[in-house]
Every structure is written in C-alpha cells, then in structure tokens.
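Input: a single structure, listed below in structure tokens.
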Amino acid sequence: MEKDAIIKSARDYIAGEKDPFFRSEAEKLLAAEDWKELEDRFYQNLEFGTGGLRGVIGGGYNRMNTLVVKSATQGLANYIRRAFPEKAAIQGGLSAAIAFDSRHYSAEFAEAAALIFAANGIKAYLFSALRPTPELSFAIRHLGCSTGIVVTASHNPPQYNGYKAYWNDGAQVIAPHDKGIIAEVNAVTEIKEMPREEALKAGLLSIIDKEVDEPYRAMVKSRLFRPALIKEKAGEVKIVYTPLHGTGAFHVEGVLGDLGLKVITVSEQREGDGGFPTVAFPNPEEAAALDMAIKLGAKEGADVVMANDPDADRFGIAVPNSERSGFTLVTGNQMGVLLGDYIFLSLKEQGKMPPKPLMVNTIVTTGMQKRMAASYGVECVEVLTGFKWIADIMGKCEQKEIDGTFLFGTEESYGYLVENEVRDKDGISAAALTAEMTLFWRSRGKSLLDRLNELYTEHGYWQELGVSKYFQGPEGPGIMKGIMEEYRKNPPARLGGISITRVRDIKDGADGLPPSDVLQFFLEDGTIVSARPSGTEPKIKFYATCCAGAEEGLEKARAEAARKLEAISKDIRSVIGE
C-alpha cells in the first residue's frame, strides 16, 4: 500500500474516531511514521463477515474500535429497517438485544452499538453487565427482538474482540441476510448517534438483567430429565468449575446451586478479566486452560471439572481416570457422543422419543455420533462448520420445512445445544445436563469414562485430529488461498499412506450443502480429512476423524487409530510448512 494512501486513510480515521484512546494510537503512529504498523492497521477495513466482526483491539480501520463498531451497527440498523419497513415506520417498533463479555472494551462497544440503534429508532435492550452468548440468543426470542449482537471474541487471546450479529430467530445471520448486511455495512457514509440520557428518556434504550436472567435459568432447568435424582443425590457429586475469567460463573453457579449441587469455583478465574491473566488462551479446548481447575479438582476430590470459554457458549470437562490418580480431558467430539447418548437414552426410557427425531452436527465432527444416533433410531443431519448452520436446521424444523423434531446439536469445537429456546451453542445448559448425566451414570455404578468405553465397544473406537496454523499480516490470506488452490489443482492420492477414494469440494456447494471454502478427503479405510480456512481468524484448519475396530480390545484400537492420525498429521504439516 502506498504511503500517501496510508496517510489519507489514517487521517480519515482520526477525523471520525471520537474515542480518545483509539484516536491517539493512530495519531502517534502517524507522527512516528511507523509505516509497517500503519500499513497493517489501514491496508484494509476490518471485514464484516458472515458472522460479524473479529479483530485485534486498536486504532485503525483494520482493528476493533469504537468507530468500526459504530459503522457496523449503522449498517446493521439500515438493513433491519429495510427488512421490516412496517415496524420501522413506528418509533421503537424495531428492537435489538445487546450483550457483552469480559473482554477489553466490550462494555464500551456494546453501549456504542446500543446508542446507534437508538438513534435509528430501534429500541435497544442492553444488558446491565456481562452475560453469556446463549443468553443473548435467548433474549432475542424472549423479548421478540428484530436483531441482536453480542460483543465477544469467544476464546481468542486477550488482544482480540469481536461482534456477532443475530437475526430475529435468535440465530446468527445466514443467507440472504448475511450478504445484505455486509453490503449495507460497506455502504455506510453517515453514522447516526444519540446520547445515552436522551435514548433512555425517549424509551429507545432499556437496561435489562433479571427480566431475562430468571426465565433463562428456568428454561435451562426445565431441560433436565431427572430432577428427582438430582434432589436425592446432589450431595454425592462434587464439581469444580472455571469460567476462565469470563461470563459463565453467574449462571453456572446459580443454576447448579439452585439444584442443590456443590460447585467449587476457581477463585482466581471467577471474575471477568479481559486480560485473562492465568491462561495463555481462554479456551476449554486447550488442555493448559484447565490446569488450575484440575489442580483444584484433585485437591477437592472433584468428580468432574467444568470450564466455559469467556462468552460461555463453549463447554469442556475433565473427569478422574479409572484409578482416580489424575484427570482425563474429554474432547468436544466425545462430549457430543456422551450428551447425545444420554439425551436419547433418557427420552427412550421415559417414553418421550418423538416419531422422527433429529440430531445435527457438522461435517468435521466425529463419525461416531452418527452411529450412536442411529442406534436409537435418531437421524443425524450434517451441516457446514459453524453453529449457525445447526440453528438453520432447527428453524426449518420449527417452520415444518423439515419433517422431524430437533433433539440435540453439537460440533467438535466444544459446542452443544440441548434446547430449542436458544439458537447458538449453550455452555450453561451443557453444564447443567452434564451434572445430571454424571449423577445418572453413578447411580448405575458407572463413570462417564466407563460409559464412553461402552460406546466405543459398541460403535468402534473413534479418534480425531486437529491441526491449525496462523498466517498473520497482509500476506496471510494469500498464503491460505494458495494452500487451498494447490490442494484443488493437485489433490494428494494418499494421506498417511492411505489411499484417497473421493474428494469433496464444497467451494460451490455439494451434496445439499451451501458453498463454503472446504475440501474433504475420504480415505479408503473410512477416515475423513477436512481442510478449511477459518472464517473468524487468520488461520487454516485441518480435521481428521478415523475409526479402528474394537473387536480385539480398546487398547489395540487406540494404538491403531493413533498410528493412522500421526501419519496423516505428518503429511498435513509438510504442506503448511511445519
């Protein structure tokens, strides 16, 4: 990018940014003529993608800051007004729910967005303090809102923040609204604003908390199958929990406490803190993120260690191993199997299984879930990566566009949904159901690992692999595009020494799936390897799921699966330069 263009872009940003911190950042870089940093901040606008915004916090058009949030919200407001013209004609006829997590500037970005909505005649329901993403989805449906946003960067490192946009069904936006909103955001030339006091006085800003908190908690508890079992045996299970400095403690402690369960929260990680001082990555997918909770779990003799990510849509656990000499981490794929199995078993035992039951998972989730579901007569519907696609199937069931009843949705990245009232993954309800599930299997003399091993014996031993590599800076997207193009032009004949029998390219859509930059390699032994650039981060991701028969015992099956995945991993890493 030419220096003159950088200077012009930086000066335009400085003129429009009202936040003194972000404005001064850009001013100092310009004064210091730090061209490398200026280029990174101004070579492009932070893209409002199909899920919203996500980026490093800082001054500049390619950063998360107040001006970028305001511009995005103005574009969203313009689209909402066009989409619902009759409601738009009435002051406050349109409404938006807004939640935020513990990240730096989350509260400021959320209020800035609320006041943009208010200035556009859209009533903003703004949570009084940090709340989890699933509650935002619930609030949209509960309050009858036209749209909603949550300010969060989920599990990203502390320098990031983001902004997820939702439709009136409580799900993240998909086609055709995603492209329509993006077009409106890119076309914004004027931003309407309203002072906070004026918005409150006009009834265009409403601060909310318990009027949504209480029905949300009641809904979560209503999704449990055996309240009598919990009441009888709650004292027999000890839970250690960490919200990883995020939003989860308020509801996890509240819901589980209401049920009489003993929850010991990691005190150092209980309060919201956008610096995430005790973890490198606030992500329950990362084993290191649970270290502090596992140590406390060992000290307290916990039966299960639970964790949410900062916006509490993801959920992970660790459980004592068979000798109780340490803790075993349960993967997202395994947790999806266990929860699905428990839900279907419970419905069947209680005579409540609907005629055409459905579960929904993603194309990169373990193949074991399909086998497990089939054993209960449940159809497993596969969708693209991203929980919005699971929500899309839920909506089609609700509108009778699909003949079936949604029971459970899950994805490998620690996302689960056990209710219809929320349309995004819900780490709060997953925590409550996991507590009940732990009690249930204990009442039958089993641990969660015992049940998982039973399922492996029945459906084969499944193991998964994930490989990711970041490509930062202006050249990053080009590198990732080159990797995908090379795979498309010259697909490998083998991976890990196993022949590839089929390649599925979803770039233009395939097998009923909408277009997405995903390649899948189907190997002759049933292993599936998928490659896709992330939609929210500058990285390329690879997934592999393989199965080994358990006829000769689980130990031998584990060794065989590990051998296959190690060889596949080596081939993948050679392509991405590791």
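Aromatic ring centroids of His155 and Phe281 lie 6.0 Å or more apart. Between Phe315 and Tyr414, a ring centre-to-centre spacing not shorter than 6.0 Å is recorded. Checked against the 6.0 Å centroid criterion, the rings of Phe521 and Tyr487 qualify as a close aromatic pair.
You'll find the side chain of Leu407 reaches within 4.5 Å of the side chain of Phe344, heavy atoms only. For the pair Ile402/Leu358, a side-chain contact is recorded, criterion being any heavy-atom separation below 4.5 Å from C-beta on. Val150 has its side chain out of reach of Asp101: every pair of non-hydrogen atoms, C-beta onward, lies at least 4.5 Å apart.
A donor-acceptor pair under 3.5 Å is formed between the side chain of Asp309 and the backbone N or O of Asp313. With Ser137 contributing its side chain and Ala171 its backbone, the two residues share no donor-acceptor pair below 3.5 Å. A donor-acceptor pair is defined here as one N or O able to donate and one able to accept, closer than 3.5 Å; no such pair exists between the side chain of Arg423 and the backbone of Ala391.
The neighbour count for Lys446 NZ, taken as heavy atoms of other residues, nucleotides or ligands under 6.0 Å away, is above 12.
Side-chain atoms of Glu398 and Asn420 form no donor-acceptor pair, as typed in the model, at a separation below 3.5 Å.
Of the charged side-chain nitrogens involved, at least one lies within less than 4.0 Å of a carboxylate oxygen, so that Arg226 and Glu349 count as a salt-bridged pair.
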